[in-house]
Amino acid sequence: MKIKNLVGSFAITALVLSGAISQVHAIGTSSSNYVGIDGTEAEFEKYFVMDKGIQVPNATFSFTVKAGTAKTGDKTHAKILAGVGTPTINDITFNADDTANVVTEGEIGSVGEVPTGKHFVKKTGTIDFSGCNFTEPGIYRYVISETGTNTGVTNDTDKIMDVFVTDNNGTLAVSGYVLHSNATDIALNSEGDAPYKLEDKVTGFVNTFESADLIFGKKITGNQGNKFKEFTFTLKITNASPNSKYTIEYSGNRSDAQDEPETGTKTVLVTDEHGNATRTFKMTNNTFVTVKGLAKGVKYELTEDAEDYVSTKGITGETEAESYTGEQTGTMNNLDVKTGFTNSKTGVIPTGILLTTMPYFVVVLAGGAMIMLSASKKKEEN
């Protein structure tokens with residue numbers, strides 16, 4: 001097994017054969033005869049989980065590493081030394097260009113299978129221990145914390161990194177790195193050639209992007225309402241991550257050729273460097289637009305130019321599933337928002353003045369016949 005690779009089980013049979021366990025218990029022995037060694041690098045996985053069908057959100061995760069708490073060993077547990085030096089970890093970033101890394105099935109570290117309706121992007125982080133000088137055999141403990149202020153994302157909990165330094169015939173060697181979730185004791189198996197017991201090993205950090213879709217539509221009613229008339233909708237997005245991309249889908253009597261994007265393309269909305277975006281849409285009767293994957297905490301505002309129509313907020317259908325009665329202005333949570341506008345124009349037709357077409361036509365015919373008969377009679381008299 002490669003030293004850099006963090007795996008679910010860390011076997012130390014080779015460590016035991018080289019006298020590792022005896023050295024772990026002899027941590028208190030003077031280290032003056034050892035030549036200190038620097039650490040190398042260890043790897044961990046970074047899992048970013050999100051809803052299927054959305055763009056990979058912009059997110060940057062940073063990490064800090066500090067020395068863990070030392071623990072006194074005994075006959076059944078290994079002694080733990082506080083970490084030395086200052087390990088470093090580079091930032092890990094995600095964005096919409098990470099499409100090649102999207103995974104739709106498989107396991108997310110120790111979490112298990114990908115939840116239904118989700119997919120994830122996985123990247124590898126590296127912890128650099130080259131600036132850490134180890135001067136005696138033992139298990140050196142570090143605490144890794146994840147930081148970052150990404151909209152719609154909660155940082156994962158702290159992880160523990162243990163570095164195993166062993167004696168190899170009087171020479172120190174870094175024999176392995178193990179990542180786990182709690183600062184627990186490491187049990188020594190009573191069998192001298194068996195591995196240490198550590199039940200909470202993990203492969204990395206897991207984050208879930210909390211988002212929902214914004215769906216809005218248009219309905220036109222009234223005996224004077226033009227079902228083919230287009231109305232201009234304006235959507236404003238604020239408090240989103242800068243330079244993020246959101247997929248736009250169209251349905252109903254809606255053509256994306258009617259779209260007038262100010263940023264992105266007709267099917268992708270892009271926020272600016274401040275996390276804001278404005279987009280106009282031409283909407284007619286029974287047209288619907290979906291903006292997918294807006295992060296929890298993103299603010300939205302939907303308005304329209306109703307012109308000379310009476311505008312009512314929302315669209316009420318025959319069933320609850322057909323109704324779009326959500327707020328036109330609000331903050332996204334983790335539930336889809338369905339909203340829109342109903343425009344109506346109704347005209348009153350006067351009564352008591354107009355004749356129906358058929359009786360009027362009969363009167364005209366009767367009048368014409370009387371004129372013809374009268375002309376014929378006069379001709380006979382002459």
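Please read these numbers as outputs of a predicted model, since none were measured by experiment.
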Check your understanding: Are N207 and Y47 close enough, and set up right, to give a side-chain contact (heavy atoms from CB on, under 4.5 Å), and what steps lead you there?
Key -> CA-CA 6 Å; N207 301 90; Y47 302 88; over 6 Å; no
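- The aromatic ring centres of F94 and F48 sit less than 6.0 Å apart.
- Relative ring orientation between Y324 and F288 is described as tilted, the plane-to-plane angle lying within the 30° to 60° band.
- Judged by distance alone, with hydrogens and angles left aside, the side-chain atoms of N243 form no donor-acceptor pair with the main-chain N or O of G275 at under 3.5 Å.
- Considering CG of N58 and OG1 of T93, their distance stands at 9.0 Å, rounded to 0.5 Å.
- For the residue pair T346/N223, the side-chain donor-acceptor check at 3.5 Å is not satisfied.
- Under the 4.5 Å side-chain criterion, counting only non-hydrogen atoms from C-beta, I89 is not in contact with D128.
- S344 contributes atom OG, which lies 10.5 Å from atom NZ of K219 (distance to the nearest 0.5 angstrom).
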Check your understanding: side-chain contact (heavy atoms from CB on, under 4.5 Å) between T40 and Y177: does it pass, once the steps are laid out?
Key -> CA-CA 10 Å; T40 56; Y177 302 88; 2.9 Å; yes
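- A donor-acceptor contact closer than 3.5 angstrom is absent between the side chains of T238 and N276.
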Check your understanding: Could you go step by step and tell me if L214 and L235 meet the side-chain contact (heavy atoms from CB on, under 4.5 Å) rule?
Key -> CA-CA 10 Å; L214 173 64; L235 174 65; 3.7 Å; yes
Check your understanding: What's the verdict on side-chain hydrogen bond (donor to acceptor under 3.5 Å, both in side chains) for E230 and T284, showing C-alpha distance, side-chain angles and the deciding distance?
Key -> CA-CA 5 Å; E230 293 181 343; T284 188; over 6 Å; no
Practice item. For side-chain hydrogen bond (donor to acceptor under 3.5 Å, both in side chains), just list the numbers for D38 and S130, CA-CA rounded to whole Å, side-chain angles, deciding distance to a tenth of an Å, and then say yes or no. Key: CA-CA 5 Å; D38 291 335; S130 61; over 6 Å; no
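- In summary, the side chains of E41 and T126 do not present any donor paired with an acceptor at a separation below 3.5 Å, with no hydrogens or angles considered.
- Every residue meeting the salt bridge (charged side-chain N to carboxylate O under 4.0 Å, His left out) condition with K159, not counting sequence neighbours, appears here in chain and number order: D156.
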Return all side-chain donor-acceptor pairs below 3.5 angstrom for residues 296-307, not counting sequence neighbours, or 'none' if the list is empty.
from	atom 1	to	atom 2	distance (Å)
K299	NZ	T331	OG1	3.3
Y300	OH	E327	O	2.8
E304	OE1	K218	NZ	2.9
E304	OE1	N343	ND2	3.2
E304	OE2	S311	OG	2.6
E304	OE2	N343	ND2	3.4
D305	OD1	E307	N	3.1
E307	OE1	K229	NZ	2.8

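- Residues V84 and I160 are members of separate hydrophobic clusters, defined by side-chain heavy-atom contacts under 4.5 angstrom among Ile, Leu, Val, Met, Phe, Trp and Tyr.
- Under the 4.5 Å side-chain heavy-atom criterion for ILVMFWY residues, a single connected hydrophobic cluster contains both F205 and I92.
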Point to revise | Test side-chain hydrogen bond (donor to acceptor under 3.5 Å, both in side chains) applied to T247 and Q55, step by step | key: CA-CA 6 Å; T247 297; Q55 300 278 341; 3.1 Å; yes
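- Residues Y140 and F164 keep their aromatic ring centres 6.0 Å or farther apart.
- The two residues V56 and V102 have their closest heavy-atom pair at CG2-CG2, 3.9 Å.
- For the pair P242 and D272, the minimum side-chain heavy-atom distance is 4.5 Å or more.
- Within the 4.5 Å cutoff, side-chain heavy atoms of M50 are placed close to those of H119.
- Residues E43 and T124 have side chains that never bring a donor and an acceptor to within less than 3.5 angstrom of each other.
- Looking only at atom types and distance, the side chain of T166 has a donor-acceptor partner in the side chain of S175 under 3.5 Å away.
- D98 and K123 are joined by a salt bridge, as a carboxylate oxygen and a charged side-chain nitrogen come within less than 4.0 angstrom of each other.
- Remark: E322 pairs with no residue by the salt bridge (charged side-chain N to carboxylate O under 4.0 Å, His left out) rule, at least two apart or across chains.
- At a threshold of 4.5 Å between non-hydrogen side-chain atoms, the residues H77 and K71 do not count as touching.
- S145 places none of its side-chain heavy atoms less than 4.5 Å from the side chain of N155.
- For F209 against V153, the heavy-atom pair with the smallest separation is CD1-CG2, 3.8 Å.
- The side-chain heavy atoms of T72 and K79, taken from C-beta on, include no pair separated by under 4.5 Å.
- Residues T316 and S323 bring no donor and acceptor atom of their side chains to less than 3.5 Å of each other.
- There is no path of hydrophobic side-chain contacts, each under 4.5 Å, that joins F44 to V143.
- Contact check for D200 versus T184: side-chain heavy atoms found under the 4.5 Å cut-off.
- The minimum heavy-atom distance linking T278 with K236 is given by the pair OG1-CG, 3.8 Å.
- Of the residues listed (F231, F281, F341, Y250), the one engaging F216 in a ring-ring contact (aromatic ring centres under 6.0 Å, His included) is F281, and it is the only one.
- One finds the CG atom of N182 at 8.0 Å from the OG1 atom of T157 (value rounded to the nearest 0.5 Å).
- The distance from the OH atom of Y309 to the CD atom of Q224 is 8.5 Å, given to the nearest 0.5 Å.
- With a 4.5 Å cut-off on side-chain heavy atoms, V49 and I108 count as touching.
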Practice item. Apply side-chain hydrogen bond (donor to acceptor under 3.5 Å, both in side chains) to Y142 and D162, showing your working. Key: CA-CA 6 Å; Y142 298 87; D162 287 332; over 6 Å; no
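- Listed here is the closest heavy atom pair of M161 and A42: CE-CB, 4.1 Å.
- Just one residue in the list T265, L269, N95, D97 forms a side chain to side chain contact (heavy atoms under 4.5 Å, CB included) with K245, and that residue is D97.
- Here CG of D185 is found 7.5 Å from CG of D74. Values are rounded to the nearest 0.5 Å.
- Between T342 and G314, the closest heavy-atom pair is OG1-O, 2.8 Å.
- Going from atom CD1 of I37 over to atom CG of N133 covers 8.0 Å, rounded to the nearest 0.5 Å.
- A 6.0 Å sphere centred on CG of D91 holds more than 12 heavy atoms belonging to other residues, nucleotides or ligands.
- Smallest separation of non-hydrogen atoms from Y246 and T271: CE1-CG2, 3.8 Å.
- Of the possible donor and acceptor atoms, one in the side chain of D167 sits under 3.5 Å from a partner among the backbone N and O of G170.
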Point to revise | Residue pair V270, S244: steps toward the side-chain contact (heavy atoms from CB on, under 4.5 Å) verdict | key: CA-CA 6 Å; V270 181; S244 290; over 6 Å; no
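- In terms of hydrophobic clustering, with Ile, Leu, Val, Met, Phe, Trp and Tyr side chains grouped at heavy-atom distances under 4.5 Å, I248 and V268 are assigned to different clusters.
- Under a hydrophobic-cluster definition in which Ile, Leu, Val, Met, Phe, Trp and Tyr are linked whenever side-chain heavy atoms come within less than 4.5 Å, directly or via other members, M283 and V337 are assigned to the same cluster.
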